[in-house]
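I have placed the structure first, in the form of structure tokens, so that the comments after it can refer back to it.
Scope of the values below: all heavy atoms of this structure, side chains included, with no hydrogens, waters or symmetry mates.
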Amino acid sequence: RDGRYTESPILTKWPAGGLRKLWKQPVGGGYASFVVAGGRAFTIEQRRKQEAVTAYDVATGRELWFHAYDADFQESMGGDGPRATPTWHGGLVYSLGATGELRVLDEASGKLKWSRNILSDNGAENLQWGMAASPLIVDDKVVVQPGGDGGRSFVAYNKLTGEPVWKSLDDRQAYTTPMLLTLAGRRQILSITARRAVGLAPEDGTLLWDYPWTTEYDVNAAMPIPVDSNRIVLSSGYGHGAALVEISAKGSGFAARTVWSNNRLKNKFNHSVLHDGYLYGLDEAILACMDPRTGELKWKGGRYGYGQLLLASGHLIVTTESGEVVLVRATPERHTEVARFQAIEGKTWNVPAIDNGLLLVRNINEMACFSLKP
């Protein structure tokens, strides 16, 4: 969940007309991306009044199966449909819909293994822009963020049966997907709620540390970026900015302190990536490079709207809000755009995905696959 593709080198000299297209076709609405395993690409989309978890053959785009159920999230400002990219683990697809439906499906057949609505299950109200955080697999558990009070903000279920394992905190949730990492020598779940960043013990959900992080409208959506063994960068939009936070052992617990904070990098709902010691991300709608050690802005350039980006072979693959795919060198010296082409049409807030040298892009209207193989 760090936005980095390291499986194989990619093509960095693109043809004048853009990357070679393998296929393009319509897709249901929503803002989820693809998760890919075993040649299958899984996503979740809105089909009329139903959410559908779907599996496609990566090479051809052929639909392999779909699992649909009644759910129709509508929001006039952000748009309709599901938001959270499914999670693949051990032959199962864990999908969370915009209204809180957690569905666990067999990867080969789409057969339902178990399901729960994490909102009704935990007495939680939906967020203004819907459930957007992908499920996290930790050991024998799947961790989700319903945001219920009474100690039901973070919830872990048994990943195979759906039985509750633990529940933790009272925070109203935001839109940030949780991640598993080791900070200050302690393995932990890192996430950002509506009001703070938190580190939780994976075993039982115990709060290890917290750090205040409040943004207008409670919109914390971008992933935290680990920069070394005990420091992370947080970033949010709506004028908030970024901060480098250091986590250290303190007595029997942990403490978080600010190393620096500024408003030079404001990730609205798009993540940054770390490469060779520098951060690259969208400051609202303009690409920027920052030194995470000092908070110094190295450069800003290129207006890509509220798009998304991935790092591969020392380059940034940026999908613009209008559906273009752009190749930018990941270097702190200057903003250098290498190539761009129109990949899909329509509002594109969905994160691209790369698997085995193939680039998958989708938005609220259509999806496509392009070859990045040298």
- line: Note: Met223 and Thr176 closest approach over all heavy atoms is CA-CG2, 4.1 Å

task: Indicate if Leu360 and Val53 have the same hydrophobic cluster label, given that clusters are the connected sets of ILVMFWY residues with side-chain heavy-atom separations under 4.5 angstrom.
output: no

- request: Report yes or no: is the cationic atom of Arg40 (NZ for Lys, CZ for Arg) closer than 6.0 Å to the six-membered ring centre of Phe34, at no more than 45° off its axis?
  value: no

message: Please give me the minimum heavy-atom distance between Asn350 and Ile364, naming the atom from each residue.
response: OD1-N, 4.3 Å

message: Keeping Asn363 on the side-chain end and Glu345 on the backbone end, is there a donor-acceptor pair under 3.5 Å?
response: yes

task: Assess Lys21 against Trp23: is NZ or CZ under 6.0 Å from the centre of the six-membered ring, and within 45 degrees of the ring's axis?
output: no

- prompt: What residues, two or more places apart in sequence or in another chain, satisfy side-chain hydrogen bond (donor to acceptor under 3.5 Å, both in side chains) together with Gln342?
  reply: none

query: Should the pair Arg83 and Phe269 be classed as cation-pi, given the thresholds of under 6.0 Å to the six-membered ring centre and 45° from the axis?
result: no

- request: Run the numbers on Asp70 and Gln50 for side chain to side chain donor-acceptor pair (under 3.5 Å), then give the verdict.
  value: CA-CA 4 Å; Asp70 292 341; Gln50 292 186 315; 3.1 Å; yes

- prompt: Do you know which two heavy atoms are closest between Gly237 and Thr215, and how far apart they sit?
  reply: O-CG2, 3.4 Å

message: Checking the side chain of Ser153 only, and the main-chain atoms of Asp171 only, is there a donor and an acceptor separated by less than 3.5 Å?
response: yes

message: Whether the Glu284 and Tyr306 side chains hold a donor-acceptor pair (N or O, under 3.5 Å, no angle test) is what I'd like checked.
response: yes

task: Compute the centroid of each ring, for Tyr56 and then for Phe42, and state whether the two points are separated by less than 6.0 Å.
output: no

- prompt: What class does the angle between the rings of Trp299 and Tyr280 fall in, given that below 30° is parallel, 30 to 60° is tilted and above 60° is perpendicular?
  reply: tilted

task: May I ask you to decide if Ala124's main-chain N or O and Arg152's side chain share a donor-acceptor pair within less than 3.5 Å?
output: no

Within 45° cone of Tyr238 ring axis and under 6.0 Å: Lys268 NZ or CZ: yes

field: Cluster companions of Leu297 among Ile, Leu, Val, Met, Phe, Trp, Tyr (side-chain spacing under 4.5 Å)
entry: none

query: Residues two or more places apart in sequence or in another chain: which of them pass salt bridge (charged side-chain N to carboxylate O under 4.0 Å, His left out) with Lys300?
result: Asp283

query: So, does Asn365 use its side chain to make a donor-acceptor pair with the main chain of Val27 at under 3.5 Å?
result: no

message: Treating Asn263 as the side-chain partner and His240 as the backbone partner, does any N or O pair qualify as donor plus acceptor under 3.5 Å?
response: no

